[in-house]
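Please see the structure below; I have some questions.
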Amino acid sequence: MSATPAPDTADTPAHRYTGALAQQIEARWHDRWDAAGTFNTPNPVGPLAGPGADKPKTFILDMFPYPSGAGLHMGHPLGFTATDMYARYQRMAGRNVLYTMGFDAFGLPAEQYAVQTGQHPAITTNQNIDNIRRQLRRLGLSHDPRRSVSTTDPDYYRWTQWIFREIFNAWCDPDTKKARRIDELVAEFDAGTRAAKTGDWATMSKAERRRELDQWRLAYVSDAPVNWCPGLGTVVANEEVTADGRSDRGNFPVFKRNMRQWMMRITAYADRLLDDLDLLDWTDAIKAMQRNWIGRSEGATVHFPVAGHDGERITVFTTRPDTLFGATFMVLAPEHPLVDTLTTAEHADAVAAYRRAAEAKKDVDRQDENREKTGVFTGAYAVNPLNGQQIPVWIADYVLMGYGYGAIMAVPCGDQRDFEFARTFGLDIVAIQAPTDGRGTDCSTWADAFVGDAPYVNSSNDSLNLNGLATKAEGVSATNAWLEAHGHGHATITYKLRDWLFSRQRYWGEPFPIVYDADGNPHALPADMLPVLLPDTDQFSPRTFDPDDAMSNPESPLDRLGDWVEVTLDLGDGPQTYRRDTNVMPQWAGSCWYELRYLDPTNDDAFVAPENEAYWMGPQGTKADGTPHPGGADLYVGGVEHAVLHLLYSRFWHKVLFDLGHVSSVEPFHKLFNQGYILAAAYTDERGMYVDAHAVEERDGTYTFEGRPVTREYGKMGKSLKNALDPMDLCELYGADTLRVYLESMGPLDASRPWESKDVVGAHRFLQRVWRNIIDEDTGTVRTLAEEPSTDTLRVAHRTIAAVSEELDNLRFNTAIAKIIELNNHLTKLGGCPASLADTLVTLVAPFAPHMAEELWARLGHTDSITYAPFPVADPAYLVAETVEYPVQVNGKVRSRITVSTDAPAADVEAAALADDKVQAALGGGSPKKVIVVPGRMVNIVA
RNA sequence: GCCCGAGUGGCGGAAUGGCAGACGCAGAGGACUCAAAAUCCUCCGAUUGAAAGAUCGUGUGGGUUCGAGUCCCACCUCGGGCACCA
């Protein structure tokens, strides 16, 4: 279903603002802006230094796009024009604005396309980037073109590799939780002020010392369980695995396998990533998602001795150490290493069978809806350290090896899962709290576990007595102190966050700046050997496997390039033969720091000069609420789908760079704004298949496709629902300015909104009226009104100025546009725009419809671009009227209106209200009990 | 199950605790026109009324308040995130 602008007819005035004229105007200004370098933004120092870098700054950032072959979809201009409007407004408000656009161009689609066509991904990637640059230009986005970067450019990924090298050469000091250089760790080992993990540093061999250091690095090779995806032929990060155990790209099964892979020690930053969320101006929803993903939980580590196994103990993590007296059994994950040791001969067969079943069930059948509790007894007994009771040890798959210690103490009276397990297998349930809901302490009568604060019972031994305490907080701290004092455990914090799996067995990504010596030790290449160029090949695909072949092994495309892999280098010990690392970095690597490269994109000496970083991203003192400003981009707009992956990874890298002294900002993105999706009607036929939405016809509320009825639904605009619209087609029809105004006026930026093609004409008509209020449609000459505007008109104009500034400051583009429409409608009623208000009207419109504004600005006689014209400032004198109309309520219902002078005291307003005939009638002769006068707003009389 | 959001005319949406429905679309009427389109003007929540007005009205039910779309409690529906996380 489509709508088109009114067709041009023979008597359409020659100079009407039609789609065709809009396009002429727009093309003209694109050329002029390019030729003049209008949006070039000066830096304080370096190649892009220039005058103006002493002004206050605003750094406005969009999530940069993947350069898909299909070009931009409608969601891109939604966010991009919003930031453009804000950028243009900020420039007119006198700020130095950094605003540009780069490309997140490594990744799977380009590689897969290359596999299909045999064309090198660099070629298609560059073609796609050129195409998207053309599209961005057509939308009139005021990017500084000199600052545009692509993650695939060797001049860019040189620094991605350089940062990797910095991370590799760093360790996280556990005392301060800050990254430090590995040299400082060596110095501490040498001085004996820090103990090595793997032995006595002083007596270690060179190779042993190297292995010790490798254990501390923030980027490290680990032989640990990773997510192996045979269907993609690569491993993927935890964050890239969906809840049902499949890859988010391609939807292939993912298997847990032990493999040697690169990891990033993001867990060392868990607390800071969590705590510093408080410094950020992000929505609570996104903060909650990050908190949830980090999954910090406070509790205790408790050791349970095993009966009959001297020295053997089961260690568990619990968030409720206060309920330890109620622990009546223990459960290990089926994969727990102690299972073999503990299982008695009598139970060995059952345990082995259960473990096999659990193994098979993994990943695929995991999302069992009914979640019946299963498990088997090992035959072993553990000893509750608090009361000496022997409790049975079971294994069950509801306990996960990957969290805590892979073992739990089960307190069935206070945990619903343990309760269900105990009921299923007839295990003891003992109350250790007197529930506050009156159910009593006989657990055999309970329907479920009791969770919450309640007085403790049955909770004492010789040296610890919880009975009488009534809150979890008191119980936990008393128990933790006891555990610590008696050597049975200690307070502990655990996280759901795992270290970040950083290597991929693909082609189209950044090579690692790492080589291995003859002993297999990794060495980071020195900075002057960067970049490690991605070698040329015509075999772009990794070996992929049957998606279900869990035991297959990855083969990276780079593995096949023997000439490239084998390399002779002098890394300080004379020329030696090394093997290059054949992994590439995940797509997230390039997007972890691109905002920093925008600041200084052509700097050859550093990824960003410190002066430029401090100017654009440095902390801005203390915020209004007293918290320190963390620095970072002033505005970051993008979709909510990156809430965990990109935003968590880039925060981590930024903090490492901060610790190592490379940046002054603590966080990369100070204010984050999540744009909504563009939804559009989609239609399914009787088989439930989507049909081309643009060919559906509506008649009297029913929809048909090729004569057959179809069902309408709404979904995210896109190819899969066959309801996508190309933003370029809209530019063709109406011009970019109309598309911009429509996109931003249809609702608040953070809301998803349904596209309605028939509504676009409203935005177009608005711009047409602005044009007509200034330009004669027949002659094309300026036709502003000579007479001075009335006070009434000036009031409307200045109220509009004040409101638009206010709305723009808060990114409320939809209401800002509505206010300008009101002003313009007022001028339309006057018969045109008074000459003395023309500049004001045009500058108000400029952030929204910049091409039309430039054109009108020029025709009004200005020779400079409107880009840096000052945004109008409201004259306070016109913001207050001489008289004000008060609604008068009687008992909360509006009964009348009175007009009094603006500065009338409340007593006069009250008197005027009471004197009003309609008010008197509503009062029915009675006298008011109370009169409330809200100055400037209203009067309410309580009768 | 848990954690976030959101429910307002025919539609998209607007409202620092203070006149609900700004602005736009659709719709109705009028002006202009030979006519149509475009443009301009007026109307446009429901019920009732000739009109003035009256009554009702922001998912449902309670509450706080002189006054609630807005704040509080409970519930319903939809959207998003997490999900046997100890």
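Just so you know, these numbers come straight off a predicted model, no measurement behind them. Chain A is the first sequence line, chain B the second, and so forth, proteins listed ahead of strands; every chain is numbered from 1. Basis for what follows: all heavy atoms, side chains included, without hydrogens, waters or symmetry-related copies.
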Check every strand shown and say whether A/Met746 touches a base, only sugar-phosphate, or nothing at a heavy-atom separation below 4.0 Å.
sugar-phosphate

Over all strands shown, is A/Ile932 touching base, sugar-phosphate only, or nothing at heavy-atom distances under 4.0 angstrom?
base

In whole angstroms, the gap separating P of B/G81 from CD1 of A/Ile294 amounts to 19 Å

Is A/Asp916 paired with A/Lys918 through a side-chain N to carboxylate O contact shorter than 4.0 Å?
no

B/C25, OP1 or OP2 - any side-chain N/O from A/Arg765 closer than 4.0 Å?
yes

For A/Asn227, side chain to side chain contact (heavy atoms under 4.5 Å, CB included) partners two or more places apart
A/Val236, A/Asn238, A/Val241, A/Val254, A/Lys256

Would you verify whether the NZ or CZ of A/Lys496 falls within 45 degrees of the ring axis of A/Tyr403 while also being under 6.0 Å from that six-membered ring's centre?
no

Pairwise P distance for B/G67 and B/C82, with rounding to whole Å:
45 Å

Taking atom C1' in both B/C43 and B/U58, what distance in whole Å separates the two?
23 Å

For B/C78, the Watson-Crick or wobble partner whose two distances fall under 3.5 Å
B/G5

What's the closest nucleotide to the side chain of A/Asn940 if the choices are B/G53, B/G13, B/G18?
B/G18

Do the non-hydrogen side-chain atoms of A/Val770 and A/Met852 ever get within less than 4.5 Å of each other?
yes

Regarding the side chain of A/Thr815, the nearest nucleotide among B/A22, B/A86, B/C25 is B/A22

Should A/Ser757 and A/Leu725 be marked as a side-chain contact (heavy atoms from CB on, under 4.5 Å) after you check the CA-CA gap, both sets of side-chain angles, and the distance that decides it?
CA-CA 10 Å; A/Ser757 288; A/Leu725 278 172; 3.7 Å; yes

On a whole-Å scale, what distance lies between the C1' atoms belonging to B/C66 and B/C71?
16 Å

Do the rings of A/His646 and A/His642 sit parallel, tilted or perpendicular, given the 30° and 60° boundaries?
perpendicular

Side-chain atoms of A/Pro754 come closest, of B/G12, B/A14, B/A86, to B/G12

In terms of the angle between their ring planes, are A/Phe421 and A/Tyr398 parallel, tilted or perpendicular, with boundaries placed at 30° and 60°?
tilted

What integer number of Å spans the P atoms of B/C56 and B/G69?
13 Å

Inter-nucleotide P distance (B/G10, B/A35), Å rounded
36 Å

If I take atom CE in residue A/Met289 and atom P in nucleotide B/G79, what distance separates them, rounded to the nearest angstrom?
16 Å

What's A/Asp418 touching, base or sugar-phosphate or nothing? Going by heavy atoms closer than 4.0 Å.
nothing

Distance in angstrom units between A/Lys373 NZ and B/A86 P, rounded
14 Å

B/G9, syn or anti by chi within 90 degrees of zero
syn

Could you tell me how far B/G9 sits from B/A22 if I compare only their C1' atoms? Round to whole Å.
14 Å

5′-ward residue of the pair A/Arg16/A/Ile408 relative to RNA chain B:
A/Arg16

Rounded to whole Å, how long is the line connecting atom CG of A/Asn810 with atom C1' of B/A14?
15 Å

Look at the side-chain N and O atoms of A/Lys893 and state whether any lies under 4.0 Å from the OP1 or OP2 oxygen of B/C56.
yes

So A/Arg291, base contact, sugar-phosphate only, or nothing? Heavy-atom distance under 4.0 Å.
nothing

By nearest atom, which of the nucleotides B/C25, B/C66, B/G18 is closest to the A/Val942 side chain?
B/C66

For B/U16 and A/Arg937 - does any side-chain N or O of the residue sit under 4.0 Å from the phosphate oxygens OP1/OP2?
no

Which listed nucleotide (B/U39, B/C23, B/C25) is nearest to the side chain of A/Gln768?
B/U39

Sugar-phosphate, base or nothing in reach of A/Asn891, heavy atoms under 4.0 Å
nothing

From the options B/C66, B/G24, B/C41, select the nucleotide whose nearest atom is closest to the side chain of A/Asn825.
B/G24

A/Tyr17 has an atom OH; how far is it from atom C1' of B/A38, in whole Å?
17 Å

By nearest atom, which of the nucleotides B/A22, B/G13, B/C82 is closest to the A/Ala818 side chain?
B/A22

Heavy atoms only, 4.0 Å cut-off, all strands: where does A/Lys287 land among base, sugar-phosphate and nothing?
nothing

Could you work out which one of B/G18, B/C40, B/A14 sits closest to the side chain of A/Thr828?
B/C40

Do A/Asp759 side-chain and B/C25 base share a donor-acceptor contact under 3.5 Å?
no

Quick test of your reading of the model: are A/Arg291 and A/Asp278 salt-bridged, counting only N-O distances below 4.0 Å?
yes

NA contact type, A/Val934, heavy-atom cut-off 4.0 Å: base, sugar-phosphate, or nothing?
base

Just wondering, do A/Tyr649 and A/Ile266 contact through their side chains at under 4.5 Å, heavy atoms?
yes

Is A/Ser745 touching bases, backbone alone, or none of the nucleic acid, heavy atoms closer than 4.0 Å?
nothing

The side chain of A/Gln889 lies closest to which of these nucleotides: B/G13, B/A86, B/G18?
B/G18

What's A/Lys929 touching, base or sugar-phosphate or nothing? Going by heavy atoms closer than 4.0 Å.
nothing

Could you check how far NZ of A/Lys496 sits from P of B/C82, rounded to whole Å?
9 Å

For A/Asn292 and A/Arg895, take the nucleotide of RNA chain B holding the closest heavy atom to each; which residue's nucleotide lies nearer the 5' end?
A/Arg895

Check every strand shown and say whether A/Ser752 touches a base, only sugar-phosphate, or nothing at a heavy-atom separation below 4.0 Å.
sugar-phosphate

If you measure from the P atom in B/A6 to the same atom in B/G13, how many Å do you get, rounded?
14 Å

Select one nucleotide: of B/C84, B/C19, B/C66, the one nearest the side-chain heavy atoms of A/Glu885.
B/C19

Can you tell me how far P in B/G18 sits from the matching atom in B/G12, rounded to whole Å?
25 Å

Under 4.0 Å, counting only non-hydrogen atoms across every strand here, what does A/Ala285 touch: a base, just sugar-phosphate, or nothing?
sugar-phosphate

